[in-house]
Trainee: 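First the structure, which I've put down as structure tokens, then a few questions once you've had a look.
Each ligand, and each atom within it, is numbered from 1 in the order the structure gives. The figures here come from the full heavy-atom set of this structure, side chains too, leaving out hydrogens, waters and symmetry mates.
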Amino acid sequence: MPGVARVAPGVAVSVRDLWFSYRDAAPILRGVTFDARAGEMTVILGESGGGKTTLLRILKGLVMPLRGEIEILSSPLKRGLMGRLDPRVAYIPQQLGLIRSQSVVTNVLTGALARTGTLRSLLGLMPVEHTEEAEAILHMLGIGEKAALPVQTLSGGERQRVAIARSLMQHPTVILADEFVSQLDIVTSREIMSLARDVADRGVALVMTTHELDLAREFADRVIVLRDGAVALDSPAREVDEAALVKAIRG
Ligand SMILES: Nc1ncnc2c1ncn2[C@@H]1O[C@H](COP(=O)(O)OP(=O)(O)O)[C@@H](O)[C@H]1O
Ligand SMILES: [Mg+2]
């Protein structure tokens with residue numbers, strides 16, 4: 001699969017005793033500990049305001065935890081030093097963060113900035129191999145024919161595919177995806193979850209938040225419930241029924 005660096009099976013993301021608060025507010029993460037494995041889809045569930053987005057932003061190195069350890073493939077997460085974030089971690093925010101006026105392929109190429117530095121691309125000197133790789137990834141994700149179109153002309157599902165393509169262009173060990181299918185109809189949501197499943201199957205650790213309990217149970221390998229700032233449930237997805245999930249989420 002283009003865009004996917006092969007990684008050994010095993011733990012890709014290790015989070016230990018993570019604490020976080022916004023300024024002087026009470027801590028919203030209070031000792032979060034879990035692992036996410038390569039080749040698996042790990043879904044984080046929990047009520048709104050429970051800290052899911054904050055957790056993903058910490059894992060990307062965008063915000064600093066109060067304390068706790070985060071390792072990516074057994075080495076510490078690199079944090080935003082001089083504006084350079086850990087290139088092993090790709091982050092797809094809830095609103096996707098695409099440049100709507102730019103073409104699909106240009107958006108996908110920005111994924112390569114994380115590993116190549118910005119200067120060449122700012123000068124319009126993206127190597128031709130990058131363009132070829134971006135086109136191969138788009139083709140694989142079923143939107144090869146959209147490469148030249150501005151993102152703003154695409155449907156919601158197509159935009160999700162562009163965001164996945166951009167993250168793959170980064171050659172990530174981990175993809176963090178926030179509320180990945182929350183704005184899509186159920187049919188498109190299932191298509192995108194299935195695509196995400198394929199991406200995980202190729203060796204990426206995919207860590208996703210969602211409110212869709214059925215989709216989580218159907219597609220994920222592991223479900224983790226955050227409640228009151230800690231992990232209230234951490235289980236193989238197949239071993240938990242909906243009632244148990246709801247109970248873990250609501251308390
Ligand atoms: N930038 C911020 N400054 C202060 N408080 C914030 C900020 N972002 C989020 N919060 C608060 O932190 C809590 C957790 O938010 P969030 O991580 O977005 O939860 P979730 O994604 O689970 O809905 C909420 O109470 C939210 O209002
Ligand atoms: Mg959120």
Trainee: Going by the side chain to side chain contact (heavy atoms under 4.5 Å, CB included) test, name the single residue among Asp241, Leu45, Leu213 that passes it with Val246.
Mentor: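 Testing each of Asp241, Leu45, Leu213 against Val246, the sole residue satisfying side chain to side chain contact (heavy atoms under 4.5 Å, CB included) is Leu213.
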Trainee: Look at the N, O or S atoms of Thr209, main chain and side chain alike, and state whether any lies under 2.8 Å from the Mg ion (ligand 2).
Mentor: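 So Thr209 does not bind the Mg ion (ligand 2) by this criterion.
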Trainee: What's the shortest heavy-atom distance between Glu133 and His171, and which atoms?
Mentor: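 Where Glu133 meets His171 most closely, the heavy atoms are OE2-NE2, 2.7 Å.
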Trainee: Would Thr42 and Asp221 count as a side-chain contact (heavy atoms from CB on, under 4.5 Å) if you check the C-alpha gap in whole Å, the side-chain angles of each, and the deciding distance to 0.1 Å?
Mentor: CA-CA 6 Å; Thr42 301; Asp221 296 289; 6.0 Å; no
Trainee: Closest non-hydrogen protein atom to atom 10 (N) of ligand 1, residue and atom name please, with distance?
Mentor: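 The closest heavy atom on the protein side is Tyr22 CE1, 3.3 Å.
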Trainee: Any atoms of ligand 1 less than 4.0 Å from a non-hydrogen atom of Glu47? List them with their elements.
Mentor: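 Listed by number with element, the hits are 22 (O).
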Trainee: Under 4.0 Å and counting heavy atoms only, is there anything from the protein next to atom 27 (O) of ligand 1?
Mentor: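 For atom 27 (O) of ligand 1 the answer is no, since every protein heavy atom stays at 4.0 Å or beyond.
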Trainee: Other than Leu66, what residues sit in its cluster of Ile, Leu, Val, Met, Phe, Trp and Tyr side chains whose heavy atoms are under 4.5 Å apart, directly or through others?
Mentor: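 Via sub-4.5 Å side-chain contacts, Leu66 links to Trp19.
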Trainee: When you measure from atom 18 (O) of ligand 1 to every protein heavy atom, which one gives the shortest distance, and what is it?
Mentor: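 Nearest protein contact, heavy atoms only, for atom 18 (O) of ligand 1 is Thr53 CB, 3.6 Å.
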Trainee: Is a side-chain donor or acceptor of Arg166 paired with a backbone partner of Gly97 at a separation under 3.5 angstrom?
Mentor: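 Yes: the side chain of Arg166 pairs with the backbone of Gly97.
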Trainee: Can you tell me which portion of Thr54 lies within the under-4.0 Å heavy-atom range of ligand 1? Options are side chain, backbone, both, or neither.
Mentor: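 It is both parts that get close, each with some atom under 4.0 Å.
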Trainee: Can you confirm whether Arg100 is buried at CZ, in the sense that more than 12 heavy atoms of other residues, nucleotides or ligands lie under 6.0 Å from that atom?
Mentor: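 No, the 6.0 Å shell around CZ holds no more than 12 heavy atoms from other groups.
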Trainee: Within a distance under 4.0 Å of any heavy atom of Ser48, pick out the atoms of ligand 1 and give their elements.
Mentor: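 Checking each atom against Ser48, I get 23 (O).
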Trainee: With a 3.5 Å cut-off and sequence neighbours excluded, list the donor-acceptor pairs that the side chains of residues 224-235 form with protein atoms.
Mentor:
{"unit_1": "Arg227", "atom_1": "NH1", "unit_2": "Ala248", "atom_2": "O", "d": "2.5"}
{"unit_1": "Asp234", "atom_1": "OD1", "unit_2": "Arg222", "atom_2": "NE", "d": "2.6"}
{"unit_1": "Asp234", "atom_1": "OD1", "unit_2": "Arg222", "atom_2": "NH2", "d": "3.2"}

Trainee: What atoms in ligand 1 come closer than 4.0 Å to a heavy atom of Ile28?
Mentor: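 In order of numbering, the contacting atoms are 12 (O), 13 (C), 14 (C).
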Trainee: For atom 23 (O) of ligand 1, which candidate among Gly49, Gly51, Gly50 holds the nearest heavy atom?
Mentor: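 Among Gly49, Gly51, Gly50, the closest heavy atom to atom 23 (O) of ligand 1 comes from Gly49.
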Trainee: Check each atom of ligand 1 against the heavy atoms of Lys52 and keep those under 4.0 Å away; list them by number with element.
Mentor: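 Once the distances to Lys52 are compared, the set is 17 (O), 19 (O), 20 (P), 21 (O), 22 (O), 23 (O).
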